[in-house]
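Presented below is the structure to which this report refers.
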Amino acid sequence: MKRMWQKFGPVVTIVLAIFVLWYVMAVVMNTNWAYDKAKRADVELGFSELVADTWSQKKPRLPAPHQVVVELWNTTVMKAITSKRSLVFHAWITLSSTLMGFAMGTVLGILLAIGIVHNKAMNLSVMPWVIASQTIPILAIAPMIIVVLNAVGISGLVPKSVISMYLSFFPIVVGMVKGLRAPDAMQMDQMRTWNASKWTTLWALRWPSSVPYLFPSLKIGVAAALVGAIVAELPTGAVRGLGARLLAGSYYGQTIQIWSALLMAATLAASLVMILGRIEKYTLRKMGQSQGATR
Amino acid sequence: MSQPTVIEAKNLSLTFETNDGPVQALQGIDLTIKKGEFVSFIGPSGCGKTTFLRVMADLETPTGGEISVNGMTPEEARMKRAYGYVFQAAGLYPWRTIAGNIRLPLEIMGYSKAEQATRVKEVLELVHLDGVENKFPWQLSGGMQQRASIARALSFDADLLLMDEPFGALDEIVRDHLNEQLLELWAATNKTICFVTHSIPEAVYLSTKIVVMSPRPGRIIDIIESSLPKERPLDIRESAEFLDIAHRVREGLRAGHGDD
């Protein structure tokens, strides 16, 4: 019991605190509308009636947690996943382009990092461009990517994935450049004494040395890929995906729908990061570095 | 001395260009090493002993004079994998088991799987590490790790072993033990060994030839051919002959320091 508390106590406390704050804020944010309604109906609002009203409005400024939970329940468990009203359906749309973009971003990031580490010209020229690419607001460039790709006949999943890739390759380049350069001078000299080629040095020394750097980058990258996928759905008038849900929700003032889509996106991101964390732990243990994984 | 020459340096010099101006790391080095010799390089920091070893290994390029390794340039010798190099730190890969680490140069050099297995077993026995094949480096003590790194340098057919203060980071008891084992190994394999050290007793105990060096510029002060027998129990270090040689080394080191 004590151990359970030590393990979950802090998390539970924080979650409870968030819920309390959330309910309080729901009262504060929705009070005006409750009074407005009461005034028009010409009724006097007591405190308990006020609270009850602020927690059950149809289009509240800030929906109460239970309203979001009910919406989530209704749009996931209670709907067939093929339905356009199913949040699972929309989540899958977004997830599929996230995963594809993340895969492309990972490959691109690793290839660029290998190039930067091995080629002097790339080392000097690529990094500034990589950094510049991230200073452009994604919302500005997303529509252009979609228009350009559409013009050459590519539409559907790929343009969205490209935007995910655009956001996710960056942390991977940065992490991998550092990781591939992790071997010290002595280890590089040692490879030289064995007359090992560049590529042998890459697979036998640089690549394994970079693994502890790769995973944290992947975790940031996958979260960025999800953001990219959602953003990609906004300017394109997409009708499917979490981004489309967010946009539709904001058109029609459906705050509860927006919040449930947001929570779904957060859950999705958390799950993706957690899965990568598991793979990281397993890989590092396989690589005999379990003493480092206790951190 | 009808043995073939392994290392031959003639008027070898190396100058590093640094921000504070040129540094003469090596100057006018003349040295011949024959097959089967155990040569120690001793001197204070900055005397160029490690640099000289690195020149033999083609990890540094000399700026003057000549050097040959097995009758070739150091680069050709390196391409032919003519030497095994043991660094100050064991430098084992933490993600590979001990056997995996020793197998690494063999994999790089393209030995067959069966050949790799036999060689790994052989060298592990040679350094008395049989039984730890499947352990990871962090599960071994510092001394055992360094033995594994020596095993790795022995695993392929290089008859020259270059060792850069391999026992420098170990405590004295472990060091004595490893010195004894190294002599045993040298007798068993008949390799030529170049050994850089800071320790006078270590140099005298191990070597057939002691090269005393001095800094600024790095140069050779004295070359002492040891008269000690090839069989050397640890207590030979208390014999008069041993102390005589140690004395001569110390005199050489002091002479080299005369200018500061």
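One distance of note links OG1 of B:Thr50 with CD of B:Glu165; it measures 5.5 Å at 0.5 Å rounding. To the nearest 0.5 Å, atoms CD1 (B:Ile108) and OG1 (A:Thr200) are separated by 6.0 Å. For the atom pair CG (A:Leu87) and CG (A:Leu242), the distance works out to 6.0 Å, reported to the nearest 0.5 Å. To the nearest 0.5 Å, atoms CG (B:Leu12) and CD1 (B:Ile29) are separated by 6.5 Å. Within the model, atoms OG1 of B:Thr73 and CG of B:Asn70 stand 11.0 Å from one another, a figure rounded to the nearest 0.5 Å. Put simply, CH2 on B:Trp186 and OG1 on B:Thr208 are 5.0 Å apart, with the number rounded to the nearest 0.5 Å.
Neither the backbone nor the side chain of B:Gln139 comes within contact range of chain A; no heavy atom of the residue lies under 4.5 Å from a heavy atom of that chain. Neither the backbone nor the side chain of A:Ser197 has a heavy atom closer than 4.5 Å to any heavy atom of chain B. Within the 4.5 angstrom heavy-atom criterion, atoms from both the backbone and the side chain of B:Met79 approach chain A. Neither the backbone nor the side chain of B:Ala82 comes within contact range of chain A; no heavy atoms are under 4.5 Å apart. In this structure, chain B has a heavy atom under 4.5 Å from the side chain of A:Trp203, while its backbone stays farther away. The part of B:Leu104 that comes within reach of chain A is its side chain, from C-beta onward, which places non-hydrogen atoms under 4.5 angstrom from that chain.
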Step-by-step salt bridge (charged side-chain N to carboxylate O under 4.0 Å, His left out) determination, B:Arg96 to B:Glu107: CA-CA 13 Å; B:Arg96 280 177 173 250; B:Glu107 282 173 13; 3.0 Å; yes

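The two residues A:Ser164 and A:Ala225 come nearest to each other via the heavy atoms OG-O, 2.8 Å.
Chain A is approached within less than 4.5 Å, heavy atom to heavy atom, by no residue from residues 113-131 of chain B. Using a 4.5 Å cut-off between non-hydrogen atoms, the part of residues 180-196 of chain A that approaches chain B consists of A:Met186, A:Gln187, A:Asp189, A:Gln190, A:Met191, A:Arg192, A:Thr193, A:Trp194, A:Asn195, A:Ala196.
Under 4.0 Å is where a charged nitrogen must lie from a carboxylate oxygen, and between B:Arg103 and B:Glu133 no such pair does.
Every side-chain contact (heavy atoms from CB on, under 4.5 Å) that A:Ile154 has, sequence neighbours left out, goes to A:Leu149, A:Val152, A:Val158, A:Pro159. Remark: B:Tyr93 pairs with B:Trp95 by the ring pair (Phe, Tyr, Trp, His ring centres under 6.0 Å) rule, at least two apart or across chains.
The aromatic rings of B:Phe195 and B:Phe38 are tilted relative to each other, their planes meeting at an angle between 30° and 60°.
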